[in-house]
J.: 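Attaching a single structure in structure tokens format; questions to follow.
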Amino acid sequence: MPAESENTADGAVETQEQQQGGGGSVATDGDRLVELYKKMVLIRTFEEATQRGFRQGKIGGYLHVYIGQEAVATGFLDAYKEGDRVITAYRDHPHVLLLGSDPKAVMAELYGKGTGIVKGKGGSMHLFDVEKGFMGGYGIVGGHIPLGVGFAYAQRYEETDHITQLYLGDGSISNGAFHEAVNLSGLWGKDGMNPCLFIVENNQYGMGTSVERTTAMTDLAAKFDAYGVENEKVDGMDIEAVLEVAHRAADRVRETGKPYAVEALTYRTAPHGAADFFEKYRTKDEIKQWRERDPIGQLEQKLIEREVVDEDGIEEIKNEMKETIQEVVRFADESDEPPLEELYTDVYTGGGVYTGEEG
């Protein structure tokens, strides 16, 4: 059974093992922590660059960044194995980057360029890289949840030991697609036919509406109980805590074929999206308090306290990532627009009608 957990006043989560002084972490090696830190800084630097690109008018459509939530995707995707599948909603940049997609192609996609990861036709909310196991970001709230459950069923139907990591936000929990899909997952899971790991990225707000104003029962993990899906919570601002839960949960789902859910309590310190300028729904003090628990800042402190790297080493890593992203932005900026013919490719049928080649 999973360890019981409870929320603390600042949004942290303490498991029973931690409260009793026990509970280890899989991330004890200094070199490994440094590599995870680099990934998180890369994500943060990439996202900051996308914000600048949007303000400069180089990124069109909509834009949702992951600033403040880096520990969640970084920790869970550390448990990814080749053959697994990953699907998420529209805050999808870090997931595809962590799975190994070329950052240049991802940024070019946001810029709407032909060198983009989906030829400039998807944009920020609709990234895909099937070869890397990334089955897409989806702009329709909750619309991807049934797809992820279906992927998981197919994996076990094909008699593999692969799993699906299905990321969803707190804002999708009250959506009918969530309840229908989780019910099926729990039902199929009784026969070991749904190796789906649900990761609820609870960043406290669905657009500008807080969890407290969305649902009378704010324990989102417990909502899975109604469908026979076991669950737990994790402090989504602590990379080591996330790693421990991620590997344990992924192994469990892989071995049993049964779904499992983890609610990662986190916080987006950036606005909901590019047009969310004023953020009247939350206070500056609230944001300030959560920034004190910034996942990257916490990991920096651990690395320094454990004498893995010093402050100069931290600064060197940040500069390295800045240079990398500068090259990424340059590539996107200098890439060509997709050719007009791309309007008629990658469609199921009717391409000839559009081009006038069919009557």
Side-chain angles (χ1 to χ4, degrees), residues 39 42-67 73 77 80 82 85-141 143-144 147-148 150-151 167 270 272-276 321-359:
K39 290 179 179 181
L42 178 70
I43 293 168
R44 175 74 58 90
T45 310
F46 184 96
E47 296 291 57
E48 290 171 344
T50 67
Q51 289 181 309
R52 290 191 295 272
F54 187 90
R55 290 193 293 267
Q56 293 166 351
K58 295 179 178 180
I59 294 177
Y62 217 61
L63 181 75
H64 306 84
V65 300
Y66 205 70
I67 295 173
L77 288 173
Y80 173 88
E82 187 175 354
R85 289 176 172 173
V86 177
I87 188 169
T88 189
Y90 45 73
R91 206 176 298 275
D92 57 350
H93 310 162
H95 304 79
V96 72
L97 292 172
L98 288 163
L99 287 168
S101 298
D102 184 352
K104 292 181 179 179
V106 179
M107 187 67 78
E109 183 61 37
L110 272 60
Y111 274 57
K113 299 299 183 70
T115 54
I117 199 167
V118 286
K119 306 176 186 177
K121 297 188 285 187
S124 170
M125 297 192 292
H126 307 107
L127 302 173
F128 284 82
D129 194 341
V130 175
E131 291 184 0
K132 300 290 187 182
F134 188 66
M135 308 305 290
Y138 289 80
I140 302 299
V141 176
H144 68 294
L147 298 177
F151 291 152
Y167 294 80
H272 164 74
D276 185 14
M321 295 307 155
K322 285 179 182 178
E323 291 177 5
T324 297
I325 298 304
Q326 285 173 355
E327 294 179 10
V328 165
V329 171
R330 189 179 304 113
F331 173 84
D333 213 17
E334 295 176 354
S335 291
D336 293 329
E337 301 285 337
L340 190 61
E341 304 83 67
E342 279 295 348
L343 284 170
Y344 313 112
T345 65
D346 303 314
V347 294
Y348 287 112
T349 186
V353 175
Y354 304 140
T355 59
E357 295 175 3
E358 292 181 13

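The basis for the numbers below is simple: all heavy atoms, side chains too, and nothing from hydrogens, waters or symmetry mates.
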J.: Give the minimum heavy-atom separation between T115 and A108, together with the two atoms involved.
T.: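 Taking every non-hydrogen atom into account, OG1-CB, 3.3 Å.
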J.: Which distance, rounded to the nearest 0.5 Å, do you find between the CE of M135 and the OG1 of T88?
T.: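 Separation between the atoms: 13.5 Å.
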J.: Between A49 and M107, what is the shortest heavy-atom contact and its length?
T.: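 Scanning both residues completely, I find the closest heavy atoms to be CB-CE, 4.0 Å.
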J.: Report yes or no: does R91 contribute a side-chain atom to a donor-acceptor pair with the main-chain N or O of H272 at less than 3.5 Å?
T.: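 At least one qualifying donor-acceptor pair exists.
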J.: Any donor-acceptor pair under 3.5 Å linking the side chain of Y66 with the backbone of A73?
T.: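 Pair found, side chain donor or acceptor close to backbone of A73.
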J.: Does K113 reach the main-chain N or O of S335 with its side chain, forming a donor-acceptor pair under 3.5 Å?
T.: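 Flag set: sc K113 to bb S335 pair under 3.5 Å.
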J.: Under the side-chain hydrogen bond (donor to acceptor under 3.5 Å, both in side chains) rule, collect the residues that match up with S124, sequence neighbours excluded.
T.: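 H93.
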J.: Working to the nearest 0.5 Å, report the span between CD of Q326 and NZ of K322.
T.: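 Answer for the CD-NZ pair, Q326 versus K322, is 8.5 Å.
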J.: Side chain of H95, backbone of L77: donor and acceptor closer than 3.5 Å?
T.: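 No.
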J.: When rounded to the nearest 0.5 angstrom, what is the spacing between CG in L99 and CG in D129?
T.: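 It is 8.0 Å, given to the nearest 0.5 Å.
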J.: With rounding to the nearest 0.5 Å, note down the distance linking CG in L110 to CZ in F54.
T.: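 With rounding to 0.5 Å, CG (L110) is 10.5 Å from CZ (F54).
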J.: Got S101 and K132 here, is their nearest side-chain heavy-atom distance under 4.5 Å?
T.: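 The answer is yes, as the side chains (C-beta and beyond) meet within the 4.5 Å cut-off.
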J.: Kindly indicate, with the supporting measurements, whether the criterion side-chain contact (heavy atoms from CB on, under 4.5 Å) is fulfilled by Y138 and D92.
T.: CA-CA 8 Å; Y138 289 80; D92 57 350; over 6 Å; no
J.: Is the backbone of Y111 close enough, under 3.5 Å, to the side chain of K58 for a donor and an acceptor to pair up by distance?
T.: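 No, the answer is negative, given that no donor and acceptor are paired below the 3.5 Å cut-off.
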J.: Give, for atom CE of M321 and atom CD1 of I43, the distance between the pair rounded to the nearest 0.5 Å.
T.: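 M321 atom CE to I43 atom CD1 measures 10.5 Å (nearest 0.5 Å).
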J.: Using every non-hydrogen atom in the two residues, find where T50 and L63 come nearest and quote the distance to one decimal.
T.: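 Minimum heavy-atom separation between T50 and L63: O-CD2, 3.5 Å.
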J.: Is there side-chain contact between Q51 and I67, with heavy atoms separated by less than 4.5 Å?
T.: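 Heavy-atom side-chain distance check passes, below 4.5 Å.
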J.: Hey, is the main chain of I117 close enough, under 3.5 Å, to the side chain of E109 for a donor-acceptor pair?
T.: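 Yes, because the side chain of E109 sits within donor-acceptor range (under 3.5 Å) of the backbone of I117.
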J.: Side chains of K121 and T345 only: does a donor on one sit below 3.5 Å from an acceptor on the other?
T.: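 Distance-only check passes for K121 and T345.
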J.: How about CD on Q56, more than 12 heavy atoms from neighbouring residues, nucleotides or ligands closer than 6.0 Å, or not?
T.: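 Yes, because the 6.0 Å sphere around CD of Q56 holds more than 12 heavy atoms from other groups.
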J.: Nearest 0.5 Å please: distance from the CD1 atom of I325 over to the CD atom of E47.
T.: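 The CD1 atom of I325 sits 9.5 Å away from the CD atom of E47.
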